[in-house]
There are 2 protein chains.
Amino acid sequence: MRADARRNRDLIVESAREVFREQGYNASLDLVAKRAGVGAGTLYRHFPSREDLVNAVMQVWVDRVEEATEKVLAFEGPPRELLDQWLMTYAELISLHKGGPAKITAAMVQPDSPIAPKCKVLRDATSRVTDRLHEEGVLREGITAEDVCRLVGGVATVADGAEQPVSEIEPLLKVLAAGMAR
Amino acid sequence: MRADARRNRDLIVESAREVFREQGYNASLDLVAKRAGVGAGTLYRHFPSREDLVNAVMQVWVDRVEEATEKVLAFEGPPRELLDQWLMTYAELISLHKGGPAKITAAMVQPDSPIAPKCKVLRDATSRVTDRLHEEGVLREGITAEDVCRLVGGVATVADGAEQPVSEIEPLLKVLAAGMAR
DNA sequence: ACCTGAACACCGTTCAAGT
DNA sequence: ACCTGAACACCGTTCAAGT
């Protein structure tokens, strides 16, 4: 890739990160291009779809997911509490940007989505947690990582759409945890 | 209201019902006006916002909600099954149109929404069910009708966004029911 | 009092012309 | 090979002119 192309690409991603943080994942791409100081065509050349751009922005998010996963898995207390912790952590991770819960949860079931690789990281992390919880015998049989993703994703999507802070869904996550535990 | 205005209003609602059924609640309003054979301005005169139009279309939906409520409340079997039945019924009722789960569930927490009156009918119906279940002692303390609406609404929203038929979320609704029951 | 439809704004997307 | 920005399409929304 030519040096100026590389540089423009980076400018666009940086600008998108900023705009998405302020306005959410459905913000105007025109604004992203303007702030990056590039023409609209340049943005589309690098990122044919919005999802491709979101995927690039989510690159650093992967680190946060892995960090949070290690932290939760290192928890030494009762496994039942570990479940609660993961649900809250999961909800927070997908709610960092407005529009995140809906986009991430939808892509979770659509393997051809450009952001599928990022979703896979989160789903794999969830698998590690559910595997552990199944070993410990705290989860009901048949509860899969996908189930967790869709349940927590659903509740977080509703809160996000209603402009409610993610902290307010804690009671609902408790209900989910109770439903998944034996 | 003048006779021609009345007639145009009815044409718009009828057209909207058709278009929303085919394309969901976020379909183009321009198409609605075209099919109704009226100018765009006429549509906006009668319905200043999309939500106002959705509210008008949902008028007949109220009957379905009340009908379904009576049917579920008439159920004579174990109360725990009544819970399952209501969750499934609820999910079906809000999933009749694409975009319904998100719109109805969001409005459930926004009392100033034009479709709030319609949401109230569904919330009240849910209250009747939860009251009954609390009396029977099958629901955990603190579970409110609002909780039910947000939990089922969330799961249904995810399925709707992923273009999945509502029937596929039944296992997730079982998890919710287990979490809400004692 | 109500309706029409052109006009405007906004945004996503493409592409001919330029470097 | 890459970039620019005008141009097009689409849609929501308004409003002057008409009945």
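Just so it is clear: chains get the letters A, B, ... in the order the sequence lines come, proteins before strands, and each one is counted from 1.
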Under 3.5 Å, is there a donor-acceptor pair linking the side chains of [X] and [Y]?
{"X": "Thr157(A)", "Y": "Asp160(A)", "answer": "no"}
{"X": "Arg150(A)", "Y": "Gln164(B)", "answer": "yes"}
{"X": "Arg80(A)", "Y": "Gln85(A)", "answer": "no"}

Are OP1 or OP2 of [N] and a side-chain N or O of [X] less than 4.0 angstrom apart?
{"X": "Asn8(A)", "N": "dC3(D)", "answer": "yes"}
{"X": "Arg2(A)", "N": "dA1(D)", "answer": "no"}
{"X": "His46(A)", "N": "dC3(D)", "answer": "yes"}

Measure [atom1]/[X] against [atom2]/[N] and give the value in whole Å, please.
{"X": "Lys34(A)", "N": "dT4(D)", "atom1": "NZ", "atom2": "P", "answer": "13 Å"}
{"X": "Arg50(B)", "N": "dC11(D)", "atom1": "CZ", "atom2": "C1'", "answer": "10 Å"}
{"X": "Ile12(A)", "N": "dC2(D)", "atom1": "CD1", "atom2": "P", "answer": "12 Å"}
{"X": "Asp30(B)", "N": "dT4(C)", "atom1": "CG", "atom2": "P", "answer": "13 Å"}
{"X": "Gln23(A)", "N": "dC10(C)", "atom1": "CD", "atom2": "P", "answer": "14 Å"}
{"X": "Phe47(B)", "N": "dC3(C)", "atom1": "CZ", "atom2": "C1'", "answer": "15 Å"}
{"X": "Leu29(A)", "N": "dT14(C)", "atom1": "CG", "atom2": "C1'", "answer": "15 Å"}
{"X": "Asp10(B)", "N": "dC2(C)", "atom1": "CG", "atom2": "P", "answer": "14 Å"}

- prompt: Looking for any heavy atom pair under 4.0 Å, which part of the strands does Ala33(B) touch: base, sugar-phosphate only, or nothing?
  reply: nothing
task: Answer with base, sugar-phosphate or nothing: what part of the nucleic acid does Ala3(B) contact at a heavy-atom distance below 4.0 Å?
output: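 Here Ala3(B) touches no strand at all.
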- request: Walk me through it: do Leu82(A) and Leu133(A) pass the test side chain to side chain contact (heavy atoms under 4.5 Å, CB included)?
  value: CA-CA 8 Å; Leu82(A) 191 148; Leu133(A) 292 172; 4.1 Å; yes
[X] side-chain proximity, nearest of [options]:
{"X": "Arg45(B)", "options": "dC2(C), dT13(D), dT14(C)", "result": "dC2(C)"}
{"X": "Tyr44(A)", "options": "dT13(C), dT13(D), dC3(C)", "result": "dT13(C)"}
{"X": "Ala40(A)", "options": "dC2(D), dT14(C), dC3(C)", "result": "dT14(C)"}
{"X": "Ser28(B)", "options": "dG12(C), dC3(C), dG12(D)", "result": "dG12(D)"}

message: Looking at dC2(D), which nucleotide sits across from it as a Watson-Crick or G-U wobble partner, both distances under 3.5 angstrom, or is there none?
response: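 Per the H-bond distance test, dG18(C).
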task: State the pairing partner of dA7(C); accept Watson-Crick or G-U wobble contacts with both distances under 3.5 Å, and report none otherwise.
output: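 dT13(D) is the nucleotide pairing with dA7(C).
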- prompt: Taking for each residue the nucleotide of DNA chain C with the nearest heavy atom, is it Arg6(B) or Gly41(A) whose nucleotide lies nearer the 5' end?
  reply: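 Checking each residue's closest nucleotide, the 5'-ward one belongs to Arg6(B).
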Chi angles and distances behind the side chain to side chain contact (heavy atoms under 4.5 Å, CB included) call for Tyr25(A), Met58(A): CA-CA 11 Å; Tyr25(A) 282 133; Met58(A) 286 175 80; 3.7 Å; yes
